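Step one of this worksheet: look at the structure below.
Since the structure is predicted, the reported quantities are computational estimates derived from the model, not experimental observations. For ligands, and for the atoms within them, numbers begin at 1 and follow the listed sequence.
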Amino acid sequence: MATAPSDSFRIPHELWFEELTPGYPVIKVSNRHAKATIALLGATLIEYTPTGSQPVIFTSSEAVFQEGKAIRGGIPVCWPWFGPHPTDSSKPNHGFARDRFWELKSTTKHEDYTEVTLEFDTRQVANELWPQHTTAEITFKIGQALDVQLTSCNRSDSSITIGGALHTYFDIAHISDVSVIGLDGVTFADKVTNKHGSQSGALTFTQETDLVFEKTMATTTIEDRGNSRQIHVAKNGSRSTVVWNPWIEKSAGMGDLGNEDYLGFVCVETANAFDDVYTLEPGAIHTLGTTITVNTSLS
Ligand code: TA6
């Protein structure tokens, strides 16, 4: 259970708090450019819709909103590692920050966007999980674009290695009518076949897809033809991009995803995956970020 943030963070007619279930607060944002919802659980943004546009972020109709359970959808924050723990398989997939409550630190009204900052402090987890005192601070700028910056800070006196991802679920009209561009010629690790390959041209979807693109800082673009739009995913502090769709069988095996939900989303994740990790000396920081913009002129 988490208590609702103090009223002092509210911004009249622009930012307020609600509870999805008792003890499960969310931050609601509505300004002239967009509306958004951020759960304190995992600092997971679960809704972003620019004014006059289709939703950009997908959240499963069967998502479970409960402490200790990551949200199926939105932008889960995989931290401080991506995927399986590199050396200890008893540790949770995608780290331990996405299923715990974060603390709201600040809210600010700007001319063209609303800014929200939350923090996660590793002192709330057991030493066995992560002994070095580390904090993660995430800042959302919600406007015509959605900007998300995740900054890790090593507050201990020994060096740490940080990985992770902004595991974004994008809402699309239909998976068979989508292409992802910007990865041509980039090598990838295929987590379905456990083989390596190199992308040729646009990426399209006809089966379970789970690819970790390596050594790429490129902006990717999702061509969402069914909605006549392009979603641009720019990034910083990231040399890996993950593209995922569970398709039919995997979806059927996931309790928090509807059987047909795979048709309506694609994950394009701004990552620090596999070798793309950062060793931080005491006091050092690393920022992983993405800026998402939509252009609706695709015809
Ligand atoms: O980012 C893609 C991926 O690593 C896939 O392998 C798949 O497992 C997905 O994340 C979801 O992971 P989750 O732990 O949320 O079920």
### Query
So, does Ser251 use its side chain to make a donor-acceptor pair with the main chain of Trp247 at under 3.5 Å?
yes

### Query
Members other than Phe82 in its cluster, when Ile, Leu, Val, Met, Phe, Trp, Tyr link by side-chain heavy atoms under 4.5 Å?
Val212, Val242, Phe274

### Task
Sort out the contact shell of ligand 1: every protein residue with a heavy-atom distance below 4.0 Å, listed by chain and number.
Arg72, Phe82, Asn93, His94, Arg98, His167, Lys191, Asp210, Val242, Trp244, Glu269

### Message
Between the side chains of Asp224 and Arg229, is the shortest nitrogen-to-carboxylate-oxygen separation below 4.0 Å, so that they form an ion pair?
### Response
yes

### Query
For residues Lys215 and Thr187, is any side-chain donor paired with an opposing acceptor at under 3.5 Å?
no

### Query
If you measure from the Lys or Arg side-chain nitrogens to the Asp or Glu carboxylate oxygens, is any gap between Glu111 and Arg32 under 4.0 Å?
yes

### Task
Please determine if Arg239 forms a cation-pi arrangement with Tyr278, meaning its NZ or CZ atom is less than 6.0 Å from the six-membered ring centre and no more than 45° off the ring axis.
yes

